[in-house]
Amino acid sequence: MLKKTDIGDPLFYHYIPLVGYVFKKRLENTLKSLGQGYENLLEIGFGSGILFPELARRAKNLFGLEIHDSILQVQKMLDNLGIKAELKKGSVLDLSYPSGLFGAVVAVSIFEHIHPKDLDRAFSEVKRVMIGGGKAVISFPTRNVITDVFFQTLGWNSKEWNPRAMHPSSHNDIIEAAKKHFIIEDTLVFPKVPIDLSLYCTITCRKEK
C-alpha cells in the first residue's frame with residue numbers, strides 16, 4: 001500500500017477528483033514517452049514509489065534515488081509487491097552512480113524544485129550516468145497564471161508555500177538547460193495547447209552516442 005513519505009509528497013492529490021486527473025496525466029505522458037526494453041533504469045525523485053510498478057515492467061534492473069528519509073518505507077512496499085529495486089538517498093546534483101550505467105532516466109516533478117543556477121549541474125550529472133544513445137524523460141509543471149492558481153487551490157498560498165517559491169525553475173528554464181546537454185526528441189504538453197498556456201510538460205531527451 002502506498003504511503004505518503006513527507007510533507008511535500010503529492011500522493012494524496014492523485015485521488016482528488018479533477019486534480020487527480022492532472023496528476024495522473026503527468027505519469028501517463030511520462031510512461032508514454034519512456035517506452036520499454038531497458039537494461040538499467042533510474043528514477044530520480046521516486047516519492048512514494050507510485051511509478052515503480054510500471055517502471056519495473058519496462059526494465060530488467062530498477063534503481064531509485066530520493067532525498068527524503070522514507071527509503072525503507074518504500075522498499076518495504078516494493079518487497080510486498082515482489083518488485084526488485086535498488087533504492088538510495090541522494091541528490092540529482094551529485095549522483096552516486098558510475099558513468100554510463102543507465103539506458104533510461106526518469107524524473108517527474110523534480111527539476112522545477114531546482115534553482116535555475118543548479119540546472120546545468122543537474123543535467124550534467126544525468127547525462128554522465130547514462131549510456132550513449134540513452135533516454136531521459138523529464139516531466140514538470142509549466143509556469144503561468146493558470147498553474148499558479150491551480151497550486152494555490154491545493155494550499156500553496158503562504159509566503160513559504162507558494163508556486164514560485166516551491167518551483168524556482170520555470171518550464172522554460174528547464175528546457176533551455178536540457179538543450180545544453182541533450183537532443184530533445186519530443187515534447188508532450190497537457191492539455192494540448194501552446195506550452196506557455198498548458199499545465200504540464202514532458203520532454204524526451206536523448207544523449208548522443
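Since we're looking at a predicted model, the values are computed, not measured.
- Residues meeting the side chain to side chain donor-acceptor pair (under 3.5 Å) test with T142, sequence neighbours left out: N144.
- For D186, there are no side chain to side chain donor-acceptor pair (under 3.5 Å) partners, not counting sequence neighbours.
- Legend: residues meeting salt bridge (Lys or Arg N to Asp or Glu O under 4.0 Å) with E125, ordered by chain and number and at least two apart, are R128.
- Between the side chain of E185 and the main chain of C205, no donor-acceptor pair closer than 3.5 Å is present.
- I71 approaches E66 most closely through the heavy-atom pair CD1-CB, 3.8 Å.
- Here the shortest heavy-atom pairing between I174 and F123 reads O-CE1, 3.6 Å.
- Closest of all the heavy-atom pairs between R164 and D148 is NH2-OD2, 2.8 Å.
- Among I110, L65, L55, V137, the single residue meeting the side chain to side chain contact (heavy atoms under 4.5 Å, CB included) criterion with E43 is L55.
- Of the possible donor and acceptor atoms, none in the side chain of H115 sits under 3.5 Å from a partner among the backbone N and O of P168.
- Put simply, V129 and F182 are part of the same group of oily side chains (I, L, V, M, F, W, Y) that touch within less than 4.5 Å, one to the next.
- Not counting sequence neighbours, K180 has no partner by the side chain to side chain donor-acceptor pair (under 3.5 Å) test.
- With E28 as the fixed residue, the salt bridge (charged side-chain N to carboxylate O under 4.0 Å, His left out) test singles out one of K24, K25, R26: K25.
- Under the side-chain contact (heavy atoms from CB on, under 4.5 Å) criterion, D79 pairs with Q75, sequence neighbours left out.
- Side-chain heavy-atom separations under 4.5 angstrom define the hydrophobic clusters, and I183 shares its cluster with no other residue.
- The main-chain N or O of H171 is never found under 3.5 Å from a side-chain atom of R143 such that the two would form a donor-acceptor pair.
- In this structure I83 satisfies the side-chain contact (heavy atoms from CB on, under 4.5 Å) test together with P53, A56, L62, L78, L81, sequence neighbours excluded.
- With hydrophobic clusters built from ILVMFWY side chains whose heavy atoms lie under 4.5 angstrom apart, M77 shares a cluster with L87.
- Side-chain heavy atoms closer than 4.5 Å link hydrophobic residues (I, L, V, M, F, W, Y) into clusters, and following such links, even through other members, never connects I175 to V106.
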| request: Decide side-chain hydrogen bond (donor to acceptor under 3.5 Å, both in side chains) for S91 and D94; before the verdict, give the C-alpha distance in whole Å, the side-chain angles of both, and the deciding distance to 0.1 Å. | output: CA-CA 6 Å; S91 168; D94 186 18; over 6 Å; no

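- For K89, the salt bridge (Lys or Arg N to Asp or Glu O under 4.0 Å) partners are D69, not counting sequence neighbours.
- Distance check, rounded to the nearest 0.5 Å: CG of L27 to NZ of K32 gives 14.5 Å.
- Every residue two or more places apart in sequence or in another chain that forms a ring-ring contact (aromatic ring centres under 6.0 Å, His included) with F102 is listed here: F63, Y97.
- Judged by distance alone, the side chains of Y200 and S109 do bring a donor and an acceptor atom under 3.5 Å apart.
- In terms of the side chain to side chain donor-acceptor pair (under 3.5 Å) criterion, S169 has no residue partners (sequence neighbours excluded).
- One finds the CD1 atom of I203 at 4.5 Å from the CD1 atom of I184 (value rounded to the nearest 0.5 Å).
- Taking OG from S99 and CE from M130, the interatomic distance works out to 12.5 Å, rounded to the nearest 0.5 Å.
- To the nearest 0.5 Å, atom NE2 of residue H181 and atom NZ of residue K127 are 7.0 Å apart.
- For the side chain to side chain contact (heavy atoms under 4.5 Å, CB included) with V108, the lone residue among I138, I50, L51 that qualifies is L51.
- When side chains are defined from C-beta on, V92 counts as touching F111, because their heavy atoms get closer than 4.5 Å.
- Grouping the Ile, Leu, Val, Met, Phe, Trp and Tyr side chains by contacts below 4.5 angstrom, directly or via other members, places I44 apart from M166.
- Although no hydrogens or angles enter the test, the distance criterion places a donor-acceptor pair under 3.5 Å between the side chain of D173 and the main chain of S170.
- Contact detail for G90 and I67: the closest heavy-atom pair is O-CG2, 3.2 Å.
- For F46 and H68, the ring centers sit closer than 6.0 Å to each other.
- In this structure, C201 and T187 approach most closely via the heavy-atom pair SG-CG2, 3.6 Å.
- A heavy-atom distance below 4.5 Å is not found between the side chains of F190 and T202.
- Taking the side-chain contact (heavy atoms from CB on, under 4.5 Å) definition, one finds that E176 meets it with K179, sequence neighbours left out.
- Note that CD of E112 is 10.0 Å distant from CG of L119, once rounded to the nearest 0.5 Å.
- Although no hydrogens or angles enter the test, the distance criterion places a donor-acceptor pair under 3.5 Å between the side chain of S198 and the main chain of I195.
- To the nearest 0.5 Å, atoms NZ (K135) and OG1 (T204) are separated by 5.5 Å.
- Minimum interatomic distance between A122 and I114 (heavy atoms only, all atoms of both residues): CB-CD1, 3.9 Å.
- Cluster annotation: V105 and L31 are assigned to distinct hydrophobic clusters (Ile/Leu/Val/Met/Phe/Trp/Tyr, side-chain heavy-atom contacts under 4.5 Å, transitive).
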Which pairs would a plain distance check flag for residues 33-41, meaning a side-chain donor or acceptor within less than 3.5 Å of a matching protein atom at least two apart in sequence or in another chain?
{"from": "S33", "atom 1": "OG", "to": "N29", "atom 2": "O", "distance (Å)": "3.0"}
{"from": "Y38", "atom 1": "OH", "to": "L34", "atom 2": "O", "distance (Å)": "2.4"}
{"from": "N40", "atom 1": "OD1", "to": "N61", "atom 2": "ND2", "distance (Å)": "2.9"}
{"from": "N40", "atom 1": "ND2", "to": "L101", "atom 2": "O", "distance (Å)": "3.2"}

